[in-house]
Amino acid sequence: MRVYIADIAEYDGQDVTIHGWLHNRRSSGKLHFLIVRDGTGFIQAVMSKAAVGDEIFTRADHLGQETSLSVTGTVRADTRAKGGYEIDATSFEVHGESHDYPITPKEHGVDYLLDRRHLWIRTERQTAILRVRHEVISAVRDFFNNRGFILCDTPIFTPAACEGTTTLFPVQYFEDTTAYLTQSGQLYNEANAMALGKVYCFGPTFRAEKSKTRRHLTEFWMVEPEVAYAGLNDIIELAEGLITSVVARVLDKRKAELQLLERDTAMLERVTAPFPRLTYDEATKMLRDKGQPFEHGTDLGGTDETVLSEQFDRPFCVTHYPGSVKAFYMKPDPQQPDKALCVDVLAPEGYGEIIGGGQRLDDLDLLLKRIKEHDLPQDAFEWYLDLRRYGTVPHGGFGMGIERCVSWICKLEHVRETIPYPRMLYRLYP
């Protein structure tokens, strides 16, 4: 009977067959200990020479790491075993041999592993991270679906910039047209919200930033909700709800993975709403009080965000940045026209911004002015301007980067481990 390792507890005392790969092997006299993985987990198969005979035992002695095989045996509960169960192997069948596997249990450099990322993702740590990523994505979709949001896919090819022209990847679009890889689905999602009220898009986004920090990828996945008739406070509360829901889901469903990653979950258990809130001006004062050289009127840098995050034990919100450092579509605060009705949600423990958003500019004349100030081509935004011409309403939304969220939840050193095949400034292979 073929079973998956994740379900092995249901088959205690029964004969089963596991189809998978040999993760590791060691021998002790007349016993082989085969660590087998099948994509759902890892389990040890104990093979006794007395039980299987000389021929099978000898064949098992020459199995290479990552050989694909099927192992048959009896499931046995063992409190000492990882996962609480082992298999007393009675036979095995090899499907594909593996010789001189390049990633061994010894220490390897990061560049070496990234060059072999297609194999690195087979390791126990990497599969744990990707399982957490899966759980985060599932939790995000469930959060919005259960609250009446409609998923609306937005284009990857776009005619113009959303976040500024300096970080666009140009693409030849047939003979004489240049398109760009999307920086965000937001502008199209605003149109979707005018049709459906509450929407979200979820897909890959691209930023041609020449950055080599541990927080940056050139291709990453982002979820972006957009809500008609919503103000800044509505958007902040939605962001708080999303983050608390996602963290609670991972704590509930992925305890084993967090334990394997040696993640101290005490910090995650503190993630409850409402989050602390401070304005940009208050953040500036906090930074200066901590001796951080920060120029008021500029955007927060990575070090600034880290210093701020050390003051909080949960995510926190920074609002009302200067309009000059935010995108052209941000609505100014009527009480402080030089400040934007925006919010960044920053993760604790030095992980920085995981959500950015706010209220969108809904005034046609002011939006036209901002497009000109940012030296953007008006003709590329005519469809976007139509949203203000035909029934404009207050509305807002945000974007949450999946990789940064996963990096924080798993407490990883670098965001590159949060996606199967990271794309970075000098990394386009494999």
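For reference, positions follow the sequence shown, starting with 1. Model, not experiment: these values are computed from the prediction.
- Annotation: cation-pi pair R26/F33 present, NZ/CZ under 6.0 Å from the ring centroid and within 45° of its normal.
- The local environment of CD in E262 is sparse, with at most 12 non-hydrogen atoms from other residues, nucleotides or ligands closer than 6.0 Å.
- The 12-atom threshold is not exceeded at OH of Y173, counting heavy atoms of other residues, nucleotides or ligands nearer than 6.0 Å.
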Side chain to side chain contact (heavy atoms under 4.5 Å, CB included) assessment of E219 paired with F169:
CA-CA 11 Å; E219 177 185 330; F169 279 111; over 6 Å; no

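- Using modelled atom types and a 3.5 Å distance limit, the side chains of T167 and Q183 yield a donor-acceptor pair.
- Note on K339 versus D333: no salt bridge recorded, every NZ/NE/NH1/NH2 to OD/OE distance being 4.0 Å or above.
- With contacts defined as side-chain heavy-atom distances shorter than 4.5 Å, the pair K255/T265 does not qualify.
- In this structure, the separation between OG1 on T40 and CG on D7 is 6.5 Å, given to the nearest 0.5 Å.
- Between E190 and Y329, the side chains place no donor N or O within less than 3.5 Å of an acceptor N or O (distance only, hydrogens not considered).
- To the nearest 0.5 angstrom, F398 atom CZ is 4.5 Å from L238 atom CG.
- Judged purely by distance below 3.5 Å, without hydrogens or angles, the side chains of E226 and N192 never pair a donor atom with an acceptor atom.
- Atom CD of Q336 has more than 12 neighbouring heavy atoms from other residues, nucleotides or ligands inside a 6.0 Å radius.
- Taking the ring centroids of F328 and F381, they lie under the 6.0 Å cut-off.
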Checking side chain to side chain contact (heavy atoms under 4.5 Å, CB included) for the pair R360/M330: CA distance, chi angles, key distance, verdict?
CA-CA 5 Å; R360 315 310 187 191; M330 284 293 186; 4.1 Å; yes

List the steps, then state whether salt bridge (charged side-chain N to carboxylate O under 4.0 Å, His left out) holds for E282 with K285.
CA-CA 5 Å; E282 291 168 337; K285 183 178 184 306; over 6 Å; no

Determine whether R277 and V343 satisfy the following criterion, side chain to side chain contact (heavy atoms under 4.5 Å, CB included), listing intermediate values before the conclusion.
CA-CA 9 Å; R277 299 184 189 182; V343 60; over 6 Å; no

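- The closest side-chain heavy-atom distance from D78 to R80 is below 4.5 Å.
- Crowding of E295 atom CD: a count of heavy atoms from other residues, nucleotides or ligands under 6.0 Å not exceeding 12.
- Around the CD atom of E413, the shell of radius 6.0 Å holds no more than 12 heavy atoms that belong to other residues, nucleotides or ligands.
- Taking OG1 of T298 as the start and CG of D304 as the end, the distance is 7.0 Å to the nearest 0.5 Å.
- Residue L308 holds its CG atom at 8.5 Å from CZ of F294, rounded to the nearest 0.5 Å.
- Ring-plane geometry between F312 and F316 is classed as parallel, the angle between the planes falling under 30 degrees on a 0 to 90 degree scale with a further cut at 60.
- Put simply, CD1 on I409 and OG1 on T418 are 11.0 Å apart, with the number rounded to the nearest 0.5 Å.
- The aromatic ring centres of Y421 and H118 sit 6.0 Å or more apart.
- In this structure, the ring-ring contact (aromatic ring centres under 6.0 Å, His included) partners of H23, at least two apart in sequence or on a different chain, are F42.
- Residues M194 and A228 come closest through the heavy atom pair CE-CB, 4.2 Å.
- Residues K82 and Q44 are not in side-chain contact: their nearest non-hydrogen atoms beyond the backbone lie 4.5 Å or more apart.
- Of the residues R270, R314, R263, the one that meets the salt bridge (Lys or Arg N to Asp or Glu O under 4.0 Å) test with E349 is R263.
- In this structure, E240 and E237 have side chains that are in contact, with non-hydrogen atoms separated by less than 4.5 Å.
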Run the side chain to side chain contact (heavy atoms under 4.5 Å, CB included) test on L287 and K290 for me, step by step, so that the C-alpha distance in whole Å, both residues' side-chain angles and the decisive distance to 0.1 Å come before the verdict.
CA-CA 5 Å; L287 287 169; K290 292 295 177 182; 5.8 Å; no

Please tabulate, for the side chains in residues 245-254, all donor-acceptor contacts under 3.5 angstrom to protein atoms that are two or more places apart in sequence or on a different chain.
unit_1: R249; atom_1: NE; unit_2: E135; atom_2: OE2; d: 2.8
unit_1: R249; atom_1: NH1; unit_2: D142; atom_2: OD2; d: 3.0
unit_1: R249; atom_1: NH2; unit_2: E135; atom_2: OE2; d: 3.4
unit_1: R249; atom_1: NH2; unit_2: D142; atom_2: OD2; d: 3.1
unit_1: R254; atom_1: NE; unit_2: E135; atom_2: OE1; d: 2.8
unit_1: R254; atom_1: NH1; unit_2: E257; atom_2: OE2; d: 3.2
unit_1: R254; atom_1: NH2; unit_2: E135; atom_2: OE1; d: 3.1

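- The cationic atom of R214 (NZ for Lys, CZ for Arg) lies less than 6.0 Å from the six-membered ring centre of Y351 and within 45° of the ring axis.
- Contact check on E403 versus R416 returns no salt bridge, with no Lys/Arg side-chain nitrogen under 4.0 Å from an Asp/Glu carboxylate oxygen.
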For R37 and E66: C-alpha separation, side-chain torsions, deciding distance, then whether salt bridge (charged side-chain N to carboxylate O under 4.0 Å, His left out) applies.
CA-CA 9 Å; R37 63 174 190 86; E66 287 302 316; 2.7 Å; yes

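- Annotation: cation-pi pair R2/Y4 present, NZ/CZ under 6.0 Å from the ring centroid and within 45° of its normal.
- Between H216 and K212 the shortest side-chain heavy-atom distance does not fall below 4.5 Å.
- In this structure, Y180 OH and F206 CZ are separated by 16.0 Å, a value rounded to the nearest 0.5 Å.
- A cation-pi arrangement is present between R116 and Y112, with the terminal nitrogen or guanidinium carbon under 6.0 Å from the aromatic centre and inside a 45° cone about the axis.
- No more than 12 heavy atoms of other residues, nucleotides or ligands lie within 6.0 Å of CZ in F157, so this atom counts as exposed by the packing criterion.
- Note on ring orientation: taking the six-membered ring where Trp is involved, the planes of H19 and H95 are perpendicular (angle over 60°, cut-offs 30° and 60°).
- Side-chain contact of T279 with D281: a donor-acceptor pair under 3.5 Å is absent, judged by distance alone.
- A salt bridge links D344 with K326; the closest basic N to acidic carboxylate O contact falls under 4.0 Å.
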